[in-house]
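Okay, so here's the structure we're looking at.
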Amino acid sequence: MKILVIEDETTLAQSIGTYLSDENYLCEFAGTFEEAIYKVEAYDYDCILLDLMLPGGDGIKILEELKAQNKQEGVIIISAKNSLEDKIKGLQIGADDYLTKPFHLSELAARIYSVIRRKQFGNVNVIEQNELKINLLGKTVMVNDQPVSLTKKEFDLLLYFISNKNKVVSKGALAEHLSGEVADMFDSYDFIYVHIKNLKKKLHEAGCDNYLKTLYGTGYKWEI
Amino acid sequence: MGNMSKLLNRSLKKFIIYAGLVLVCSIPVYYAIISWLWDYELNEHNIVLTAEADREDSFRIIIAVTVLTVLFSTLLLGGFILLNRRISGRLWQPFYQSLSKIKNFDLSRPGEITFKETDIDEFRELNQSLYKLIAGNVAIFNQQKEFADNASHELQTPLAVIQSQLDLLLQSKSLSGEQYVIIEDAHKALARVSRINKNLLLLTKIENSQFMDKEMIDLSGLLEKTISIFINFSEAKQLEIKMGAMPGVIVEGNKILVEILLNNLITNAIRHSPPNSTISITLSGNSLVVKNTGSAALQQDQLFKRFGTTSSKTPGTGLGLALVKQICNRYNWKIAYTFNNYQHTFSLDLNLDFLPNRVVTMQDNNPV
């Protein structure tokens, strides 16, 4: 999978690259508007991460260019601007998602995963991992071909772990993922425990291996 | 304030008192002069009056002088009052016009202020000084707004760098449990900084008169939705949320702002309640009341100020209530805080006196 990271802050671009490189993603970088336009026109990517404020031009123009060329890449805007207008504008022009800085790398990975799955697997969007089968469209989970009934939050968590497999994910990142903006209004993310406990229990009872490990007390890792 | 009086009345009063004094003092003077002339005239013609007639004459003179003085002084003073009122009213007109313009001027609302042309030098000078003063203030205000806006934006990127670096550090194979805790703590502080930053940006935007578009919002529905979002957090603290919402309360406002307002009031209640207590949220025809248990009253005068209540003990940004206040100001709603019986109470007066009609018409228009 090839990903283009259009971001002028090199440290941020590189940490994104490092985080994603273990996941079969190959990252390329563009730090200026011209470089981005050149790469977008010359190559094909599976997903493009687009910062809107770039030296040399407005990132929205790159998005317009992509759409004008009828390119099929999934585009995720990563912007320092948390304004609804920008978000709506970006999504209207054809971005697939919008992520406001600062974000957790695990959240970014989950969004990339979801965009790529949606774009490339269309109707048969099923993730298979050993005995586990996840149908993304139907939102159903099977273990050894037996259905497991999960709540929406548990399903979301499972997907988040799968898209960050072999990565340590912090409780804070999970809370933010589940509750969106409101999560960061609180200090205690205790409610996460309950959902994770239930998810583990349900998968275990259905005969699924224990892939979800607890680390350092409050971190989690989907190990495979 | 009780001793305040209008400029014009003040000068007029002094005039009248002075004129009255002079006229009263003039009565004996008139009398003395007329008596002297009278006596002189009588002596000239060698007329001798009886003592009684003489007294009678003096008496008449006094009456005549008093009556005439009172008559003329009334005429004079009445004329003064009328003329003063008319002349100075016209004279000071430009001053009052400028005054009302300044009264209606609001720094945070963009719009040029223009004073009426005047041919009086002093007032022209006054207006020019006002123009200068206002222009200076507007420039400073805009600079400040822009600064807050830019500073917040510029901060987001380094924050994103720190966040991503911490996430990477988390992946390090040789990480010890102790180090993990350090990273988590750094994460928490970072989350707080970005939250403060986000809220500052939001405040600036509201002050910048963004979020101007309005719609009819079903407050009852929105409240229920908001509470359901926070149920995770209240349950984790074993809080009971008692909610009594009158259905179909409609307000006009910007949806994002109203959501922020509800979010902030409810988060505060959840955040500051002791475990196992009850939060009561009541929405009636024209007010929303949020109550939660607490041990001591909060400082009224600091409560709605930016960073007025920040403390290291809470994860709050110190901006939540400032935002609430700002949003209330926008819609002429009133937010009040009271502490009674170990209950913090925030009441939001929605200013909807004409509510019943509105609810009916809304329901008529939207049969569900």
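On a predicted model such as this, the values are computed, not experimentally measured, just so you know. Letters A, B, ... are given to chains in the order of the sequence lines, protein chains preceding strands, and every chain is numbered from 1.
Heavy-atom pairs under 4.5 Å with chain B were tallied for A/H104, A/K101, A/E9; the largest tally goes to A/H104. For chain B, the option among A/T11, A/D51, A/L12, A/V168 with the highest count of heavy-atom pairs below 4.5 Å is A/V168. Interface summary for chain B: among A/L215, A/T18, A/I16, the most heavy-atom pairs under 4.5 angstrom belong to A/T18.
Judged as a side-chain contact (heavy atoms from CB on, under 4.5 Å), and not counting sequence neighbours, the contacts of B/T226 are B/L222, B/F230, B/L262, B/N263, B/I266.
Only the side chain of B/I256 has a heavy atom closer than 4.5 Å to any heavy atom of chain A. If you measure heavy-atom distances from B/E235 to chain A, you find no contacts under 4.5 Å at all. Contact annotation for A/Y19: both backbone and side-chain heavy atoms come within less than 4.5 Å of a heavy atom of chain B. Heavy atoms of A/K153 lying under 4.5 Å from chain B belong exclusively to its side chain.
The pair B/D167-A/K167 does not count as a salt bridge, with every side-chain nitrogen at least 4.0 angstrom from each carboxylate oxygen. Using a cut-off of 4.0 Å between Lys/Arg side-chain N and Asp/Glu carboxylate O, B/E184 and A/K171 are scored as not salt-bridged. With respect to the salt-bridge test (charged N to carboxylate O, under 4.0 angstrom), the residues A/R111 and A/E107 qualify.
By the 6.0 Å and 45° rule, A/K139 does not stack over the aromatic ring of A/F155.
For residues 169-180 of chain B, the pairs satisfying side chain to side chain donor-acceptor pair (under 3.5 Å) are B/S172-B/S174, B/S176-B/Q179, with sequence neighbours left out.
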